[in-house]
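What you see is a predicted model; the values in this text were computed from it and never measured.
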Amino acid sequence: MSMNYAQMVEGCRHRNANAQRALYEELAPMAMGVCYRYTADRDEAQDLLQDGFIKIFERIGTLRDPQKLRSWTYNIMVNTCIQHYRRSRHTILQPMDDIVDDDGSEMPYTMDDIVKAMSTISPAQRMAFNLCCIEELPMDEVANRMNCNELAVRVALCKARKRMRQYLENKKEE
């Protein structure tokens with residue numbers, strides 16, 4: 001029997017194992033994609049996925065509209081990744097003098113190519129790239145989430161783009 005979001009949410013509120021399994025099977029692929037974007041390591045992404053689903057099952061009672069389950073889950077996964085980043089005490093990039101301006105050119109690559117390129121950049125750069133380019137958050141909010149100033153975010157983003165562009169250009173030449 002297949003369940004809709006309302007049935008899954010109601011079942012999860014009552015700690016029904018079948019509803020929890022259905023919710024997990026429905027949303028885990030999307031959630032894993034989010035986690036994998038924020039870390040280059042599959043094992044770490046799976047740990048984040050597990051942490052995120054624990055939060056989802058603990059907080060399912062706070063979800064008012066079951067039709068927003070997918071976006072609510074997405075936000076929990078992004079916040080779980082950000083919290084992990086903060087807890088892991090990665091060094092946030094400090095403003096540096098060697099900022100290279102982005103030339104604004106578009107990257108004609110697939111999402112898979114970009115995800116592979118993201119595995120070559122530092123955690124701070126990956127966080128800045130995800131929040132700015134994929135989540136499309138304003139620079140001040142990204143700085144707030146990363147606990148740094150906007151210049152540090154711009155530096156991280158610039159370096160991420162430069163490193164990813166180098167990786168992609170080298171891959172294209174192979």
Side-chain angles (χ1 to χ4, degrees), residues 3 5 8-9 12 15 17-60 62-63 68-93 107-139 141-148 152-153 155-172 174:
M3 293 186 194
Y5 284 169
M8 283 185 235
V9 169
C12 288
R15 303 208 186 279
N18 290 332
Q20 289 173 331
R21 186 177 307 104
L23 186 144
Y24 180 85
E25 289 173 357
E26 174 73 21
L27 299 175
M30 175 273 299
M32 183 62 174
V34 171
C35 294
Y36 198 62
R37 270 200 338 257
Y38 280 88
T39 180
D41 180 56
R42 182 159 292 284
D43 291 336
E44 190 174 5
Q46 289 174 333
D47 289 344
L48 291 170
L49 179 72
Q50 181 179 356
D51 291 347
F53 270 98
I54 289 170
K55 290 176 186 177
I56 288 165
F57 292 134
E58 287 174 348
R59 299 175 186 166
I60 195 80
T62 66
L63 179 62
K68 294 185 179 179
L69 176 63
R70 190 172 185 83
S71 62
W72 182 77
T73 298
Y74 182 89
N75 288 330
I76 287 178
M77 299 312 294
V78 167
N79 288 330
T80 298
C81 294
I82 291 170
Q83 289 168 354
H84 169 75
Y85 172 83
R86 286 179 180 165
R87 279 192 312 264
S88 65
R89 296 188 180 103
H90 291 295
T91 303
I92 300 290
L93 294 176
M107 294 188 291
Y109 302 100
T110 67
M111 187 54 111
D112 286 341
D113 291 336
I114 293 171
V115 168
K116 288 176 186 171
M118 287 174 66
S119 70
T120 68
I121 60 180
S122 75
Q125 293 168 356
R126 190 170 23 260
M127 180 72 63
F129 184 83
N130 274 311
L131 294 173
C132 290
C133 299
I134 300 194
E135 304 296 333
E136 298 181 342
L137 295 177
M139 196 63 66
E141 186 170 338
V142 173
N144 184 35
R145 287 187 179 204
M146 291 180 67
N147 289 333
C148 63
V153 173
V155 169
L157 183 59
C158 183
K159 288 184 177 217
R161 286 179 173 161
K162 181 179 178 185
R163 176 71 181 116
M164 289 171 61
R165 189 174 289 116
Q166 288 171 342
Y167 172 86
L168 292 167
E169 288 172 359
N170 288 340
K171 183 179 178 186
K172 189 166 64 174
E174 292 177 355

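- Between atom CG of residue Leu48 and atom CD of residue Gln46 there is a gap of 10.5 Å, rounded to the nearest 0.5 Å.
- Within 6.0 Å of atom OH in Tyr24, 12 or fewer heavy atoms from other residues, nucleotides or ligands are found, so the atom counts as exposed in its surroundings.
- Of all heavy-atom pairs between Cys12 and Leu23, the closest is SG-CD1, 3.9 Å.
- Rounded to the nearest 0.5 Å, atoms CE (Met118) and CG (Asn130) are 3.5 Å apart.
- With contacts defined as side-chain heavy-atom distances shorter than 4.5 Å, the pair Leu157/Cys133 qualifies.
- Between the OG1 atom in Thr73 and the NZ atom in Lys55 there is a gap of 13.0 Å [rounded to 0.5 Å].
- Listed here is the closest heavy atom pair of Tyr74 and Val34: CE1-CG2, 3.3 Å.
- The two atoms that bring Met164 and Ala117 nearest to each other are CG-O, 3.8 Å, heavy atoms only.
- Nearest approach of Met127 to Ile82, heavy atoms of both residues: SD-CG1, 3.7 Å.
- In this view, Arg145 and Glu141 satisfy the salt bridge (charged side-chain N to carboxylate O under 4.0 Å, His left out) rule, not counting sequence neighbours.
- Listed by first and then second residue, the salt bridge (Lys or Arg N to Asp or Glu O under 4.0 Å) pairs involving residues 119-137 are Arg37-Glu135 (not counting sequence neighbours).
- For the residue pair Met77 and Gly52, the shortest heavy atom distance occurs at SD-CA, 3.6 Å.
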task = Mind running side-chain contact (heavy atoms from CB on, under 4.5 Å) on Gln50 and Ile54 for me, showing each step along the way?
result = CA-CA 6 Å; Gln50 181 179 356; Ile54 289 170; 4.2 Å; yes

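- For the pair Thr62 and Trp72, the tightest heavy-atom approach, listed with the atom from each and the gap, is OG1-CZ2, 3.8 Å.
- Taking CD1 of Ile76 as the reference point, atom CG of Leu69 lies at 9.0 Å (rounded to 0.5 Å).
- At a threshold of 4.5 Å between non-hydrogen side-chain atoms, the residues Tyr38 and Leu131 count as touching.
- In this structure, Asp51 and His84 have side chains that are not in contact, with every pair of non-hydrogen atoms separated by 4.5 Å or more.
- Here the side chains of Val153 and Cys148 are in contact, with some heavy-atom distance below 4.5 Å.
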query = Between Met32 and Arg42, is a side-chain contact (heavy atoms from CB on, under 4.5 Å) present by the stated rule, with each step listed?
reply = CA-CA 9 Å; Met32 183 62 174; Arg42 182 159 292 284; 3.3 Å; yes

